[in-house]
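Here's the structure we're looking at; comments come further down.
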Number of protein chains: 2
Amino acid sequence: MPTLQDVARIAGVSRSTVSRVINDHPSVDPRTRRRVQRAIKQCGYRPHAIARSLATKRTRIIGMIIPEAVSRLFTDPYFALMLRGATDACNRSGYQLILSLFTASVDSKTMHDRIVHNGYVDGVLTANTCLDDGLVPRLLDTGIPFVTIGRHPDARVSYVDVDNIGGARMATEFLIHLGHKRIGTITGPLNMTPAQDRLTGFLKAMGDNGLPVPDALIVEGDFTEAGGRAAMARLLEERPTAVFVASDSLAIGAVKAIQGAGLRVPEDISVIGFDDLPSAASLEPALTTVHQPIEGLAQLAVEVLIDRLKRRVQNGIAVQRVVLPTELMVRRSCTRPS
Amino acid sequence: MPTLQDVARIAGVSRSTVSRVINDHPSVDPRTRRRVQRAIKQCGYRPHAIARSLATKRTRIIGMIIPEAVSRLFTDPYFALMLRGATDACNRSGYQLILSLFTASVDSKTMHDRIVHNGYVDGVLTANTCLDDGLVPRLLDTGIPFVTIGRHPDARVSYVDVDNIGGARMATEFLIHLGHKRIGTITGPLNMTPAQDRLTGFLKAMGDNGLPVPDALIVEGDFTEAGGRAAMARLLEERPTAVFVASDSLAIGAVKAIQGAGLRVPEDISVIGFDDLPSAASLEPALTTVHQPIEGLAQLAVEVLIDRLKRRVQNGIAVQRVVLPTELMVRRSCTRPS
DNA sequence: AGCCTCCTTGGAACCGATCCCAAGTATACC
DNA sequence: GGTATACTTGGGATCGGTTCCAAGGAGGCT
């Protein structure tokens with residue numbers, strides 16, 4: 001592997017000058033620049049990222065942290081879409097993404113230290129943090145720039161999120177407008193903000209329309225299909241005519257539970273989900289759900305993070321927050337109550 | 001951030017000595033060692049990975065490349081499991097994983113150069129390469145250590161794989177033993193070796209049992225649910241009594257196509273899949289399929305790669321290949337022909 | 001013609017570690 | 001007591017870049 005020194009020798013200039021050419025520094029004579037560029041081509045030189053990082057203290061690597069609590073859910077297509085969005089944005093900007101799934105085999109403090117303190121990452125992206133897993137406070141402590149996907153209540157945290165409250169309200173109002181009055185909900189784990197927000201939106205819609213929500217009509221699930229099935233089994237005893245389910249995976253389980261009990265969707269019970277996973281449209285019946293732009297959200301998160309990394313040099317550090325809108329996808333799983 | 005120098009000053013020794021303590025070099029007086037360790041604790045020193053990498057020429061980072069051709073399939077839970085296996089193995093060994101999904105936004109040669117030539121990765125893992133995407137030849141060219149998940153025909157390539165031929169044969173023989181004679185298959189994209197191998201296993205089982213396989217009973221799919229649906233639609237015209245489908249995602253589509261045509265699984269047509277995705281057991285009907293240990297395979301791939309990285313120092317370079325067995329998961333989607 | 005500027009360029013320090021080599025010290029042996 | 005040996009330790013070069021600073025040279029102005 002040729003180094004700067006080699007190029008310099010071939011072009012008959014100093015390392016400094018070659019470095020300037022590589023980095024598009026303006027103060028290089030055009031003739032010299034061409035000569036250096038020829039030399040670079042000739043010997044197939046490529047800048048050594050590690051050496052460069054040591055000097056500049058920037059690696060152009062972003063760490064993506066998925067906390068252990070949700071890594072069980074990792075097979076949900078939600079994460080694949082998120083990763084695709086994030087990597088795509090990184091590709092465009094010439095950044096690399098280190099993926100760090102916290103798993104049971106190593107304790108999370110060690111994992112955190114490894115990724116944050118070893119100097120390999122300029123900044124961190126984190127998704128689906130639980131309020132009680134301590135990740136965000138630790139990140140704040142270290143002072144490393146980071147952006148969360150999904151809002152976090154701490155005022156110092158920059159995040160990107162979708163309008164979960166608005167989306168949930170929209171979904172619930174859709175059910176209400178269809179004529180439903182006895183509407184249940186299956187929530188996500190309530191230590192996660194998206195789950196909280198979707199519940200909030202649901203309650204707001206119900207409240208605004210003067211509909212009571214007895215506690216028994218609210219069942220906490222865990223964002224998995226199995227969880228949806230179990231939650232729906234309990235909810236069935238309350239005989240709701242419609243259910244707002246906080247994620248599509250949960251909704252898939254809920255539909256199975258309903259059908260398993262010999263009831264039909266939507267004729268006996270209407271079901272509305274949240275996420276609009278790719279499979280939602282091809283379920284039987286096709287799932288009415290709230291679309292959230294997962295890939296776009298992850299892309300945006302990367303862009304916001306990179307923006308922060310650049311500004312940091314200029315000492316601009318104001319918290320940034322972006323919330324994207326959701327969209328109701330009306331399909332077959334909801335109808336008027338009989 | 002404190003550096004080696006700072007620790008050295010506090011402990012009253014030289015950088016060299018601190019370095020020896022950090023790296024567990026034996027020739028350090030126990031008393032000195034303790035003194036240095038106290039100094040390290042006291043100032044919260046952590047080795048700077050970048051600087052260390054520059055000196056040692058090893059980063060403890062592995063690059064995982066998913067070629068563009070399959071990044072469309074990326075929402076298949078298969079990839080999530082693979083990533084989880086790979087990251088978990090990395091966590092255990094103290095390695096980091098850079099995830100590189102080749103996407104349309106950047107051409108694949110550029111992507112390849114970025115990840116391979118910038119010095120950030122010690123080695124590369126690659127999954128589901130197509131025979132015609134040129135990735136493997138390029139990797140061979142650069143001389144970087146790499147391991148593919150899924151076999152590659154080139155004799156110089158180290159890989160881990162599951163016994164696709166054996167699994168496919170086992171599945172097909174299961175159908176044959178049930179009494180089926182007119183058995184169709186939906187294959188994956190035949191420019192991918194797993195798809196080829198599963199077809200080979202199918203044909204071998206059929207041939208060994210003296211059953212003819214007219215061309216019309218072989219339909220190429222693309223490993224997606226929609227592809228499975230389309231392929232099955234064509235296959236239905238041939239009236240097979242059973243179908244061996246080369247992946248669970250394809251099988252899900254196939255089942256839907258069968259049900260959509262007013263036929264029942266397994267009463268009218270038996271369906272057997274391949275992969276044993278987490279959802280296979282909870283489908284309606286539960287899918288009989290060939291289990292492959294995806295997470296374990298990815299873990300193994302990481303281990304083999306790390307092993308190669310270590311041996312490389314010792315100039316051991318023999319190609320390594322491992323093939324794991326598969327297992328038949330008998331569920332409800334297959335029965336005797338009527 | 002002389003002086004001042006601006007543009008280019010090279011030199012050297014630096015980023016934070018590793019590691020070889022030589023020197024110093026303690027122990028053992030004769 | 002002197003010398004050989006083993007064990008510790010420090011110094012300095014090195015990895016491959018970036019960047020500050022100073023110097024040289026060309027061009028412009030009076």
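Hydrogens, waters and symmetry mates play no part in the numbers below; they use all other heavy atoms, side chains included. Numbers restart at 1 for each chain; the letters A, B, ... are given by sequence-line order, proteins then strands. Quick caveat: nothing in here was measured; it's all calculated off a predicted structure.
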> Where the side chain of Ser53(A) meets the backbone of Arg58(A), is there a donor-acceptor pair that is under 3.5 Å apart?
Replying inline: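 Checking the backbone N and O of Arg58(A) against the side chain of Ser53(A), a donor-acceptor pair under 3.5 Å is found.
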>> So does Arg151(B) get a backbone contact from the side chain of Asp161(B), meaning a donor-acceptor N/O pair under 3.5 Å?
In response: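 Yes.
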Ignoring backbone atoms, test whether [X] places a side-chain nitrogen or oxygen under 4.0 Å from the OP1 or OP2 oxygen of [N].
{"X": "Ser16(B)", "N": "dG12(D)", "value": "no"}
{"X": "Thr3(A)", "N": "dG16(D)", "value": "no"}
{"X": "Arg52(B)", "N": "dT18(C)", "value": "yes"}
{"X": "Lys57(B)", "N": "dT18(C)", "value": "no"}
{"X": "Ser27(B)", "N": "dT8(D)", "value": "no"}
{"X": "Ser19(B)", "N": "dT18(C)", "value": "yes"}

Quickly work out the [X] [atom1] to [N] [atom2] distance and round it to whole Å.
{"X": "Arg34(A)", "N": "dT8(C)", "atom1": "CZ", "atom2": "P", "answer": "13 Å"}
{"X": "His48(B)", "N": "dT18(C)", "atom1": "NE2", "atom2": "P", "answer": "12 Å"}
{"X": "Met1(B)", "N": "dC14(C)", "atom1": "CE", "atom2": "P", "answer": "22 Å"}
{"X": "Ile50(B)", "N": "dC15(D)", "atom1": "CD1", "atom2": "C1'", "answer": "13 Å"}
{"X": "Leu4(B)", "N": "dT18(C)", "atom1": "CG", "atom2": "C1'", "answer": "9 Å"}
{"X": "Asn118(A)", "N": "dG16(C)", "atom1": "CG", "atom2": "P", "answer": "14 Å"}
{"X": "Arg20(B)", "N": "dT9(D)", "atom1": "CZ", "atom2": "C1'", "answer": "6 Å"}
{"X": "Leu54(A)", "N": "dT14(D)", "atom1": "CG", "atom2": "C1'", "answer": "12 Å"}

> Between Ser108(B) and Leu135(B), is a side-chain contact (heavy atoms from CB on, under 4.5 Å) present by the stated rule, with each step listed?
Replying inline: CA-CA 9 Å; Ser108(B) 83; Leu135(B) 178 59; over 6 Å; no
>> Using a 4.0 Å heavy-atom cut-off, does Arg31(A) contact any base of the nucleic acid, only the sugar-phosphate backbone, or nothing at all?
In response: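 Contact class for Arg31(A): none.
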> Base, sugar-phosphate, or nothing for Thr32(B), non-hydrogen atoms under 4.0 angstrom?
Replying inline: sugar-phosphate
> When you match Tyr45(A) and His25(B) each to their closest nucleotide on DNA chain D, which lands nearer the 5' end?
Replying inline: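 Nearer the 5' end of the strand: His25(B).
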> Relative to the 5' end of DNA chain D, which residue comes earlier, Ala51(B) or Ser14(B), by the nucleotide with the nearest heavy atom?
Replying inline: Ser14(B)
> What residue among Gln320(B), Arg321(B), Arg308(B), His152(B) forms side-chain hydrogen bond (donor to acceptor under 3.5 Å, both in side chains) with Ser158(B)?
Replying inline: Arg308(B)
> Is there a donor on the side chain of Arg15(A) or the base of dT18(D) sitting less than 3.5 Å from an acceptor on the other?
Replying inline: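 Indeed there is one.
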> Within the modelled atom types, does a donor on one side and an acceptor on the other bring the side chain of Arg46(B) and the base of dG16(C) under 3.5 Å apart?
Replying inline: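 Not at all, since no donor on one side and acceptor on the other fall under 3.5 Å apart.
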> Can Ser105(A) and Asn91(B) be counted as having a side-chain donor-acceptor contact under 3.5 angstrom?
Replying inline: no
>> In terms of relative ring orientation, are His112(A) and His117(A) parallel, tilted or perpendicular, with 30° and 60° separating the classes?
In response: perpendicular
> Which of the following nucleotides, dT18(D), dT18(C), dG10(C), is nearest to the side chain of Asn23(A)?
Replying inline: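 Minimum distance to the Asn23(A) side chain belongs to dT18(D).
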